[in-house]
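Reading through the structure tokens given below for one structure.
Just so we're clear, the structure is a prediction, and the values are computed from it rather than from any experiment.
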Amino acid sequence: MTDPALHRSTAGVATRLVQVRTKILKQNDVVARRLRQCFHQNGVYVVSLVSSPGSGKTMLLEQTLTMMRQRGHRVAALVGDLATENDAARLKRAEVPVRQITTGTVCHLEAEMLEKTLAGWQLNELDYLFVENVGNLVCPATYDLGEDLRLVLFSTTEGEDKPLKYPTIFNTADMAVITKMDLAEVVEFDAEAAHRNIHAVRPEMEILELSAKSGAGMQQWLQCLEAHRAASASAST
């Protein structure tokens with residue numbers, strides 16, 4: 001039989017946790033709205049990337065920054081990790097502005113982290129800002145970062161059922177990107193099943209397949225980013 005006093009205590013803790021979480025999310029949304037307004041006023045299109053660790057998003061972002069710069073776009077990146085500045089150092093090889101957000105024990109980026117890290121940056125000198133979230137398919141789903149386009153990535157090495165296991169992150173993203181297609185045959189990745197699983201969670205979701213290592217699909221990827229930015233600019237005029 002459950003101790004009534006223990007039940008009341010447990011229920012009280014749960015209530016307080018919900019209240020604290022609601023308050024945090026409310027604060028995050030206020031900052032995210034402020035960020036979104038600031039991004040739009042400065043004409044910078046913001047793309048965030050979420051995925052599990054090891055999906056290849058840093059390699060994709062490194063190639064993307066280099067190729068976008070070569071196409072004449074002004075680009076920059078923020079990258080989140082629990083510890084180290086290894087990813088920022090890697091992305092700086094693309095010769096664009098990069099800043100690292102080290103979150104410590106926090107498993108996701110929050111809008112306030114972006115706002116603090118962007119201090120001093122001239123956003124009106126950028127066309128695109130890319131935000132690489134901490135490798136995690138759970139926590140980032142809840143936090144609006146003021147971005148224009150949220151991408152969820154998963155690689156051929158992770159299996160076709162990833163969307164079914166993590167439906168929330170797919171439901172908060174605008175587009176799915178399947179990475180490491182150069183390994184698809186080796187790991188017997190079933191692309192048709194992956195598409196079917198994505199659309200089971202999010203019907204008609206836009207899907208791209210690419211390999212940052214081989215370059216397959218990269219031109220289509222860049223054209224997609226340019227088309228989304230143009231559509232956003234057209235919608236705001």
Side-chain angles (χ1 to χ4, degrees), residues 25 27-51 57-81 87-88 90-101 103 108-134 140-153 172-177 205-208 210 212 217-237:
L25 289 176
Q27 291 172 341
N28 183 84
D29 289 345
V30 169
V31 179
R33 281 197 293 272
R34 190 162 67 226
L35 275 176
R36 183 170 285 110
Q37 184 178 18
C38 176
F39 293 148
H40 289 178
Q41 287 174 343
N42 284 282
V44 57
Y45 190 72
V46 181
V47 181
S48 73
L49 295 81
V50 296
S51 77
K57 66 179 178 300
T58 305
M59 175 177 277
L60 171 61
L61 189 50
E62 184 179 2
Q63 295 297 325
T64 301
L65 293 172
T66 300
M67 296 174 76
M68 292 290 276
R69 179 176 58 78
Q70 292 171 345
R71 290 165 80 100
H73 297 301
R74 302 171 298 175
V75 295
L78 300 179
V79 54
D81 265 317
D87 285 354
R90 184 174 165 183
L91 293 178
K92 284 178 181 176
R93 295 187 304 206
E95 301 180 9
V96 302
V98 178
R99 288 184 180 178
Q100 178 82 43
I101 302 174
T103 62
H108 57 271
L109 292 179
E110 297 178 9
E112 189 174 9
M113 297 176 186
L114 265 67
E115 190 172 56
K116 288 180 178 177
T117 309
L118 287 169
W121 251 358
Q122 299 300 316
L123 291 176
N124 61 352
E125 296 179 357
L126 296 176
D127 299 317
Y128 292 88
L129 173 66
F130 293 88
V131 180
E132 180 183 344
N133 214 313
V134 177
T142 312
Y143 290 85
D144 182 8
L145 299 179
E147 69 268 65
D148 295 289
L149 185 69
R150 177 180 290 190
L151 310 172
V152 57
L153 283 65
T172 64
D174 303 295
M175 183 192 308
V177 179
M205 188 178 203
E206 188 175 5
I207 304 171
L208 283 181
L210 54 79
M218 288 299 293
Q219 290 300 325
Q220 183 186 2
W221 156 242
L222 299 181
Q223 291 165 4
C224 179
L225 290 174
E226 291 167 341
H228 276 276
R229 181 170 186 264
S232 175
S234 177
S236 61
T237 56

Heavy-atom nearest pair, Tyr45 first then Ser232, reads CE1-CB, 3.6 Å
Show every side-chain hydrogen bond (donor to acceptor under 3.5 Å, both in side chains) that has at least one partner inside residues 117-130, sequence neighbours left out. Arg74-Asp127
Can you measure from OG1 (Thr142) to CD (Glu110) and round to the nearest 0.5 angstrom? 10.0 Å
Got Val50 and Thr172 here, is their nearest side-chain heavy-atom distance under 4.5 Å? no
Smallest separation among heavy atoms of Ala111 and Ala32, with atom names: CB-N, 3.7 Å
Indicate yes or no: at least one non-hydrogen side-chain atom of Leu118 is less than 4.5 angstrom from one of Arg99. no
Which residues satisfy the side chain to side chain contact (heavy atoms under 4.5 Å, CB included) test with Ser48, sequence neighbours excluded? Val131, Glu147, Arg150
Set of side chain to side chain contact (heavy atoms under 4.5 Å, CB included) partners for Gln220, sequence neighbours left out: Leu208
Any idea which heavy atoms bring Ala77 and Leu91 closest together, and the distance? CB-CD1, 4.5 Å
Just so I know, are the side chains of Leu35 and Leu145 near enough to count as touching, which here means a heavy-atom distance under 4.5 Å? no
Asp144: salt bridge (charged side-chain N to carboxylate O under 4.0 Å, His left out) partners, not counting sequence neighbours: Arg36
Hey, are the side chains of Leu114 and Val31 touching, using non-hydrogen atoms and a 4.5 Å cut-off? no
Quick one: list whatever passes side chain to side chain contact (heavy atoms under 4.5 Å, CB included) with Thr66, sequence neighbours left out. Arg69, Gln70, Ala94
Arg71: side chain to side chain contact (heavy atoms under 4.5 Å, CB included) partners, not counting sequence neighbours: His73, Gln219, Leu222, Gln223, Glu226
Side chain of Asn133, backbone of His108: donor and acceptor closer than 3.5 Å? no
For the pair Gln100 (side chain) and Val79 (backbone), establish whether a donor and an acceptor sit closer than 3.5 Å, ignoring hydrogens and angles. yes
Can you check whether Cys38 reaches Glu115 side chain to side chain, under 4.5 Å on heavy atoms? no
Closest non-hydrogen contact found for Arg90 with Glu62 is NE-OE1, 3.2 Å
Can you tell me how far the CG atom of Asn42 sits from the CD atom of Gln37, to the nearest 0.5 Å? 10.5 Å
Distance col, row Leu78:CG vs Leu109:CG, nearest 0.5 angstrom, shows 8.0 Å
Roughly how far, to the nearest 0.5 Å, is the CD atom of Glu132 from the CG atom of Asp81? 6.5 Å
Closest heavy-atom pair and its distance - Asp148, Asp174: O-OD2, 4.0 Å
Roughly how far, to the nearest 0.5 Å, is the CG atom of Leu151 from the CZ atom of Phe130? 8.5 Å
What distance do Trp221 atom CH2 and Gln63 atom CD have between them, rounded to the nearest 0.5 Å? 12.5 Å
Ala173 to Val152 - nearest heavy-atom pair and separation: CB-CG1, 3.7 Å
